[in-house]
Amino acid sequence: MVNTKVKLCGIELDNPIIPASGTFGFGYEFAELYDINILGSLSFKGTTLEPRFGNPCPRIAECDSGMLNAVGLQNPGVDKVIKTELPKLREVFRKPSMANVSGFSLEEYVETVRKLDTVEDIGWFEINISCPNVHGGGMSFGTSPKMAETVTRAVRDVTKKPIIIKLSPNVTDIVSIAKACEEGGADGVSLINTLMGMRISLKTRRPIIANKTGGFSGPAIKPVAVRMIYQVYDAVNIPIVGMGGVSNAEDVIELMLAGATAVEVGAANLVNPYASRDIILDLPRVMEKYGIKSLEEIIGGAH
Amino acid sequence: MKDTQFTVVENKRIAHNTYLSVLEGDTSDITAPGQFVNIKLDGLYLRRPISVCDVEGNKLTIIYKVVGVGTEKMAAAPTGEKWLTLTGLGNGYDLSKSGDRPLLIGGGAGVPPMYLLARELVKEGKRPTVILGFGKADEVFFKEEFEALGLQVIVTTQDGSYGVKGFVTDAMDDLQYTYFYTCGPEPMLKAVYNKTETSGEFSFEERMGCGFGACMGCTCKTKYGNKRICRDGPVLEKEEIIW
């Protein structure tokens, strides 16, 4: 018998698998397909203070071993999320969920967290300071250590729940930003968000995505994720939620060896709606294959 | 919604750049004309959303234009090849609103979903009139198949090389109809929207990520709120559309 349990910021997970925000809706859509209580947790759709339509279509472009998206944080706004989406999630999911929060000003982050803090079912906050698809917010908070620390401190003041800051890979030095979040009182960091990319249509000679640029995700970005998780693990003492191109149980082990305590599965859910479940079901086999008795033991094992 | 393996049992060219594939597999989740399937092909990351042309027993017929690497691979697939396919996607057309004489308007790659719709309407004792629009004569397909259902079929081509010269809307002037259903390129849909006087339903196309409502990659604005083309569509009512 292998042990897949891990502890993330004081909360035990049955396994380290967490579907990533933006690839899993509010969870209940997937509950039509399988019992989502098999998941470690899930990070629900990025929530902002006000409702957002997001960017015009096309929002999606295929790439070799991955995809670009520029959805632009479409969500019904925090009030409706609390009133209609989270109750639907609660009907089908009995574990603590991860609330993914975005904002365009410090006040917005604070107000959104303050509102969601009242929801008992939320186990962690994942503060997105790294969305590449919105202008004048999102990633602009995640590209300077000073701003990252400021956001962290501000949300720290309004919740006692664990705060995980989601970091952008579109920076010169992700380590300094992770350290700034730790300094600001973060309980963890999650990385990596998508890499900013672009594709151009040869037929129209214009970018395929209406927003021009989009966030690149999928198996192609996994080596970047592994490298950044490895570097951040060396520099901070708070847990890392790793993500980036995870498609199978072997990828989960690789990210954990780099330093991840839990692992988010993103784009894979869109190609195979059963991806997160399949990875969880396959974890014991891969653990046995590589002589791993407990996943907790291998966190940062590559260092 | 189901994700199962389908086997290619027939694959043939039926018009310029246009292919028909018959797939064998579990079709039980395909519940309405106007739905689509999402096909995983080796070597390509995202699936290919393709409208359902016909379903009979365990046989699924799709017709598609070759427009890129995905449809190129599909057109070249030998029989026996297996495709992992998500079925039962999208809302589909609402047959209950058709009235006795609905009008079906398909343009190019928008023709295929009209076929299963026509078949289902005929089964219910309705007599739809069918307009099929193409660019030129060598692009025309499925005229005989619609006629074999005992229906009046009007074909239009933009260059006049077959049937009525012009667009589908040029063939609508003298027609009496109770309701309409349409699928085709967006400029055609818009022209149909402006020309029709009854209520009706439009099937839209958009670049999709997942095809089942998870990624919000294909959302559009409607008078009834934001809708995901893949999950809340692809069929929208005339009254809700914002151009």
Side-chain angles (χ1 to χ4, degrees), chain A residues 19-30 32-34 45-46 51-76 80 199 201-203 208-210 214 216-220 245 247 266-275 278, chain B residues 1-5 29 37-49 65-73 83-89 186 204-234 236 242-243:
Chain A
S21 182
T23 65
F24 215 70
F26 287 91
Y28 57 83
E29 297 92 338
F30 283 79
E32 291 171 29
L33 299 171
Y34 63 90
K45 179 71 188 154
R52 280 182 59 82
F53 172 73
N55 292 319
C57 287
R59 296 173 170 184
I60 304 285
E62 186 180 49
C63 310
D64 292 339
S65 286
M67 62 184 282
L68 295 179
N69 90 81
V71 171
L73 296 175
Q74 182 190 339
N75 80 95
K80 202 166 172 206
R199 285 213 58 204
S201 160
L202 304 195
K203 280 181 198 155
I208 292 173
I209 287 184
F216 184 31
S217 60
S247 313
N269 293 311
L270 308 180
V271 181
N272 169 15
Y274 296 95
D278 291 351
Chain B
M1 173 166 128
K2 243 180 205 162
D3 197 17
T4 52
Q5 292 284 353
D29 271 29
V37 298
N38 213 1
I39 299 172
K40 180 84 178 92
L41 299 164
D42 275 353
L44 297 176
Y45 192 63
L46 295 176
R47 295 179 186 234
R48 265 51 190 176
K65 279 200 160 172
V66 172
V67 291
V69 286
T71 41
E72 260 168 36
K73 266 182 193 276
W83 295 341
L84 185 63
T85 304
L86 271 170
T87 54
L89 304 177
E186 204 165 303
F204 283 86
E205 213 176 37
E206 189 49 78
R207 277 177 185 269
M208 291 176 185
C210 63
F212 54 88
C215 72
M216 315 285 162
C218 60
T219 309
C220 69
K221 286 180 181 164
T222 77
K223 288 175 189 163
Y224 304 161
N226 298 336
K227 288 204 167 180
R228 298 161 294 183
I229 292 294
C230 70
R231 177 90 179 207
D232 310 310
L236 301 181
I242 303 169
W243 293 103

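Chain A is the first sequence line, chain B the second, and so forth, proteins listed ahead of strands; every chain is numbered from 1. Atom set for the values below is all heavy atoms of this structure, side chains included, hydrogens, waters and symmetry mates excluded.
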So what's closer than 4.5 Å to chain B heavy atoms on [X]: side chain, backbone, both or neither?
X: A:A220; answer: neither
X: A:P273; answer: both
X: A:N75; answer: neither

(message) Are the side chains of A:L33 and B:D3 in contact, using a 4.5 Å heavy-atom criterion?
(response)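 No - every pair of side-chain heavy atoms lies 4.5 Å or more apart.
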(message) Can you tell me how far apart CG (B:L44) and OG (A:S65) are? Round to the nearest 0.5 Å.
(response)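 If I round to the nearest 0.5 Å, the distance is 10.0 Å.
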(message) Please report the interatomic distance SG(B:C215) to CG(A:N69), rounded to the nearest 0.5 Å.
(response)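 So the gap between those two atoms works out to 7.5 Å.
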Which residue out of [options] racks up the most heavy-atom pairs below 4.5 Å with chain B?
options: A:K45, A:M67, A:K203, A:E62; answer: A:E62
options: A:E29, A:Q74, A:E32; answer: A:Q74
options: A:F24, A:F26, A:F30; answer: A:F30
options: A:A61, A:P58, A:G25; answer: A:P58

(message) For B:E186, give me all partners under side chain to side chain contact (heavy atoms under 4.5 Å, CB included), at least two apart in sequence or on another chain.
(response)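 Partners of B:E186 under the side chain to side chain contact (heavy atoms under 4.5 Å, CB included) test: B:F204, B:W243.
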(request) Could I get the full list of side chain to side chain contact (heavy atoms under 4.5 Å, CB included) partners for B:Q5, not counting sequence neighbours? (result)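 Partners of B:Q5 by the side chain to side chain contact (heavy atoms under 4.5 Å, CB included) criterion, ordered by chain and then number, come out as B:K82, B:L84.
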Show the nearest heavy-atom pair for residues [X] and [Y], with the distance to one decimal.
X: A:C57; Y: B:G217; value: SG-O, 3.8 Å
X: B:R207; Y: A:I60; value: CD-O, 3.4 Å
X: B:Y45; Y: A:C63; value: CB-O, 4.0 Å

(message) Among residues at least two apart in sequence or on other chains, which ones pass salt bridge (Lys or Arg N to Asp or Glu O under 4.0 Å) with A:R59?
(response)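 Applying salt bridge (Lys or Arg N to Asp or Glu O under 4.0 Å) to A:R59 gives none.
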(message) With a 4.5 angstrom heavy-atom cut-off, is it the side chain or the backbone of B:R47 that approaches chain A, or both, or neither?
(response)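 Side chain only.
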(request) Determine which residues belonging to residues 218-230 of chain B lie within contact range of chain A, meaning some heavy atom pair is under 4.5 Å apart, and list them by number or answer 'none'. (result)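 The residues closer than 4.5 Å to chain A, in numerical order, are B:C218, B:T219, B:C220, B:K221, B:N226, B:R228.
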